[in-house]
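Worksheet: the structure to be examined is printed underneath.
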Amino acid sequence: MKRIYLDHNATTPVHPEVKAAMLPYYEDLFGNASSVHSYGREAREAIDVAREQVAELIGASSPTEIIFTSGGTESDNHAIKGTALSKADKKGNHIIISPIEHHAVENTCEYLEKRGFEVTHLQVDKYGIIDLQNLEDAIKDTTILISVMHANNEVGTIQPLAEVGKIAKERGILLHTDAVQSVGKIPLNVDELGVDLLSLSAHKIYGPKGIGALYIRKGTRIDSLLHGGHHERNRRAGTENVPGIVGLGKASEIAKKEMEANREHLWSLTEKLRAGIQEEIEFVRQNGHPEQRLPNTLNFSFEFVEGEALILSLDMQGICVSTGSACTSGSLEPSHVLAAIGLPPEIAHGSVRISLGRDNTEEEINYVLETLPSVVNRLRAMSPLYADRMKKRKEGKL
Amino acid sequence: MKRIYLDHNATTPVHPEVKAAMLPYYEDLFGNASSVHSYGREAREAIDVAREQVAELIGASSPTEIIFTSGGTESDNHAIKGTALSKADKKGNHIIISPIEHHAVENTCEYLEKRGFEVTHLQVDKYGIIDLQNLEDAIKDTTILISVMHANNEVGTIQPLAEVGKIAKERGILLHTDAVQSVGKIPLNVDELGVDLLSLSAHKIYGPKGIGALYIRKGTRIDSLLHGGHHERNRRAGTENVPGIVGLGKASEIAKKEMEANREHLWSLTEKLRAGIQEEIEFVRQNGHPEQRLPNTLNFSFEFVEGEALILSLDMQGICVSTGSACTSGSLEPSHVLAAIGLPPEIAHGSVRISLGRDNTEEEINYVLETLPSVVNRLRAMSPLYADRMKKRKEGKL
Amino acid sequence: MKSEFQSQYSTKVMEHFMNPQNVGQIEDPSGVGDVGNPTCGDIMRLFIKVEDGVITDAKFMTFGCGAAIATSSMVTEMVKGKTVEEALEISNRTVTEALGGLPKVKMHCSVLSEQALKSAINDYYERQDKPSPVNIPEDEHEQCDLYDSDEEE
Amino acid sequence: MKSEFQSQYSTKVMEHFMNPQNVGQIEDPSGVGDVGNPTCGDIMRLFIKVEDGVITDAKFMTFGCGAAIATSSMVTEMVKGKTVEEALEISNRTVTEALGGLPKVKMHCSVLSEQALKSAINDYYERQDKPSPVNIPEDEHEQCDLYDSDEEE
Ligand SMILES: Cc1ncc(COP(=O)(O)O)c(C=O)c1O
Ligand SMILES: Cc1ncc(COP(=O)(O)O)c(C=O)c1O
Ligand code: FES
Ligand code: FES
């Protein structure tokens, strides 16, 4: 059976050109970039090129502002703990985050909370957008960091980050953004956004897993997370993952070049899908902002059915989607993002994220539109909640 | 020019079979292991297999004792900070390490020292071996962790770790070992060594860079270093680097299978090289233990010359070696390992590490023995220290 | 060893999930069990028909995950033809075994099926005004979030 | 931008390292400069021959890294044919420029070559009992370990 992959916010396949760029660094050019001899120099040069490619993609003014990490999670941990630990005892211990952050931000803050830091969660509206007044009100003298994600991984909503940047700058507070889902998908410039720290991850943009980057604005001093050798100008120890770094560089270059074309393609496919779903299926809600959203991301709640049952059923039909974020699918918690935008838990449990990628076609969307209604109907036919609802409808109670 | 790579302690090329095992996970089997759908299940299964392969190599009793990290540095940081932060305020704040630890251990401890922990550095003899009585004496009521590396990266000396394990167990103190250089090269069993935590890294054993593992003995509770999603049973967040993990698994399997053959091959080549160097070149000292050493590692001080000049000159002749550890080669500090074994700095500055690998041949060793003396002589001919020494000799003062 | 890291369903579970047996309602049931909580993402409603102390029919409706649907299907299959007393021997363990195992994080779904069955039998006794011998097992966990508490941090 | 992360030598540096000019001693020198510290891994000994106020020959012996050897070679080339006064214009910057640049972490090796030259000229003045116009530059860093202090933690 042909499979249709619609889970690109979880991860993406490595772009063939990215893979081709990486391969030489496993065998022929396998040197340790810290080595003085020729193998080392070859590796060092490859890293230099990649660093410029990443800097280009996000508009950093110098490649020295980019450090390579093992992924988005490490970048988030590094930015937040690095700031917290370097500022603690000096300026203060208060951190402000949005309530829809990825667990890499949220759980890091929770950990810090246990160790004496104070964390304020902002509010969001029904689309998942933070309120700037609420942010201003939350700021204290002891606030050392604001962390607001650029685009949400579950519902795709894009934050008014440039406005947050202005407030942070005015108040002299560091601003971190988890841009793992927006980098490479929508135009983004660290200066326009006014961020001091920005996390990104290669495997969301057709690069390899296990490699990411943290942008650290020149002059921003934060503690290291990994201590050891003098790698990355003493900011991140560990033998550089050369093939990974080369892959992230190449993926960044391609993302920049193809961004406009991909955006249009993805927007038109998702709009078609959204319209089709809302036409074909009853009791469905779209989650996230209808316009201020990532071009590839849709999120729906199908009432009276449970999400895992729905995605398993779709998987049997060759359609790969996910419930909320992939990281929580092993757990039974309803998504904290859907809770934050006000979805009642029983409806949140029936939510599905559909995230498209560059290779998806209109044909595939047509297949989804043909398949999805019958899959939902099959599950509703065994749902006691649906039965009750239909009974009420028949009794004229609704 | 053919290049002869003799810097395998810095990094190794990826084994062709390892690369072949990894490749499918970039494009066809690219799923996120947390995903519920079929792509996710394929990735999950691959990780399960790799975890067993790593567990096998180090004799762990269950694969659940293995977590995957981004490399040796992260494993070291995780083990040490994880223990320190989970035990602090409860049991104590005292850590004991050897003075020849890799920077990933040493600098992590230095960082903790700045944050209120107490760190004791043991002594070592001229071969780099710790003294067990010195260890016993260093233990206090507040000691929470002993960290002693299994084999040293610069000089190759192997520690009497099983004895350390006995002492640690008796005193109820956790024992961590950085086994990055010994895993896969010499037989090793976590139960025989009595370690609770063990760090390893794939790129030292013909696996890819950017992936490693931490062994955590069942029942050992330490804090996480990377917070976020529920990966690795909540012990290490971040989307799993599936190709990297598969590569580490395969490299572990091969290392186990080929260990005996490689050991013999490497021991005989290094013995030939050692004998040749000591015969051909005056004023040379071997560093590290002559027998209790890694089968692939030699370290020599060539008096009156500076190490970087020597390795650059060798590089021009196609011979790739390093000064001390690759991580400090960018810096100008003399090696802390050579200082700890009592080498005077001017002699430490003339030290070279030669670390062989499975593909090196006797022919290559012959070429090194032909080339090295003239390279050393050329540099000595311009060395004022050598000139002074020769003058004294001529004057009959020595 | 392997299964500890496995979060996957057995073939048997997938069979029952894709082709669940006994979906629906019994018009004139002898007992109905209704357990679970929509807030936690699971509700199981189990109907039994008892004739001469023998369960002659069983049906279910379930809002829940794949494991919830598969265990519902399996438990209804298992009870049919059994006496009420025999049916009381069915536990979440026997259901799970019959399905070829469940991932650790999904064990509570099998508890749900035991609860649903026992509460249907309980209802059967109550409707007859007989004292019920049934002990409905408590889900060991009070909150919906079961995964975290089981695992390491 | 690129060079900030580069720890590599230019072609010119490698040329002078592999084929250093003016290696050796001058038997009857007009001045000798001896700088550096073996503990830090570098010693530079520079000999000059001065005739009628003009440096007619220069030689060096160096224990040190690639950059130390290359700058020694370059500085001896640069001084030959210059008057002593002209030679005093030579600085670590001009030596580095003539070599096509040096990695940041190696800048201090070029300081060493300036120090060696100036201390040889100083010695030349002293041997003649003339007041020396020479200001020997201090290496800005007191310890051997220069890399760390320059960089971020
Ligand atoms: C918004 C967001 N932040 C952080 C991460 C974590 O990135 P990584 O998987 O590279 O650790 C992800 C994806 O998992 C994400 O979607
Ligand atoms: C003994 C030792 N520990 C730790 C490390 C760090 O491992 P990695 O390079 O994978 O971070 C190395 C190698 O660099 C090493 O030799
Ligand atoms: S019904 Fe709760 S997760 Fe299965
Ligand atoms: S001579 Fe000191 S590093 Fe160059």
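First the proteins, then the strands, lettered A, B, ... as listed; each starts at 1.
Heavy-atom distances place the backbone of A:F304, and not its side chain, under 4.5 Å from chain C. Only the backbone of A:A381 comes within less than 4.5 Å of a heavy atom in chain C; its side chain stays farther off. For C:M44, no part lies near chain A; criterion is any non-hydrogen pair under 4.5 Å.
A:T83 and A:H176 form no side-chain donor-acceptor contact under 3.5 Å, judged by distance and modelled atom types alone. For the residue pair A:N77 / A:T108, a side-chain donor-acceptor distance below 3.5 Å is found, with atom types taken as modelled. Side-chain contact check for A:N287 and A:S301: at least one donor-acceptor pair (N or O, by modelled atom type) lies under 3.5 Å. Residues A:T157 and A:N152 have side chains that never bring a donor and an acceptor to within less than 3.5 angstrom of each other. Between the side chains of A:S70 and A:E74, at least one donor N or O lies within less than 3.5 Å of an accepting N or O. Between the side chains of A:H8 and A:S355, no donor N or O sits under 3.5 Å from an acceptor N or O.
For the side-chain contact (heavy atoms from CB on, under 4.5 Å) criterion with A:F300, the lone passing option out of A:V321, A:V352, A:I277 is A:I277.
Shown here are the side chain to side chain donor-acceptor pair (under 3.5 Å) partners of C:S113, two or more places apart in sequence or in another chain: there are none.
Scanning residues 61-76 of chain C against chain A with a 4.5 Å non-hydrogen threshold yields C:M61, C:T62, C:F63, C:G64, C:C65, C:G66, C:A67, C:I69, sorted by number. Scanning residues 17-29 of chain C against chain A with a 4.5 Å non-hydrogen threshold yields C:F17, C:M18, C:P20, C:V23, C:Q25, sorted by number. For residues 121-131 of chain C, an interface with chain A (any heavy-atom pair closer than 4.5 Å) does not exist.
Between A:R389 and A:E282, no side-chain nitrogen of the basic residue sits less than 4.0 Å from a carboxylate oxygen of the acidic one, so the salt-bridge criterion is not met. A salt bridge links A:R285 with A:E303; the closest basic N to acidic carboxylate O contact falls under 4.0 Å. Ion pairing of A:R353 with A:D7 is present here, as a side-chain N (NZ or NE/NH1/NH2) and a carboxylate O approach within less than 4.0 Å. Under the 4.0 Å criterion applied to side-chain N and carboxylate O atoms, C:E114 and C:R93 are not assigned as salt-bridge partners.
Cation-pi geometry between A:K81 and A:Y111 is satisfied (NZ or CZ under 6.0 Å from the ring centre, within 45° of the ring normal).
When each of A:S313, A:G350, A:A348, A:P344 is scored by its heavy-atom pairs under 4.5 Å with chain C, the top score falls to A:S313.
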Should A:E308 and A:H349 be marked as a side chain to side chain contact (heavy atoms under 4.5 Å, CB included) after you check the CA-CA gap, both sets of side-chain angles, and the distance that decides it? CA-CA 8 Å; A:E308 195 220 57; A:H349 273 294; over 6 Å; no
One pair to check against side chain to side chain contact (heavy atoms under 4.5 Å, CB included): A:L273 and A:V368. What are the steps and the verdict? CA-CA 8 Å; A:L273 184 57; A:V368 174; 3.9 Å; yes
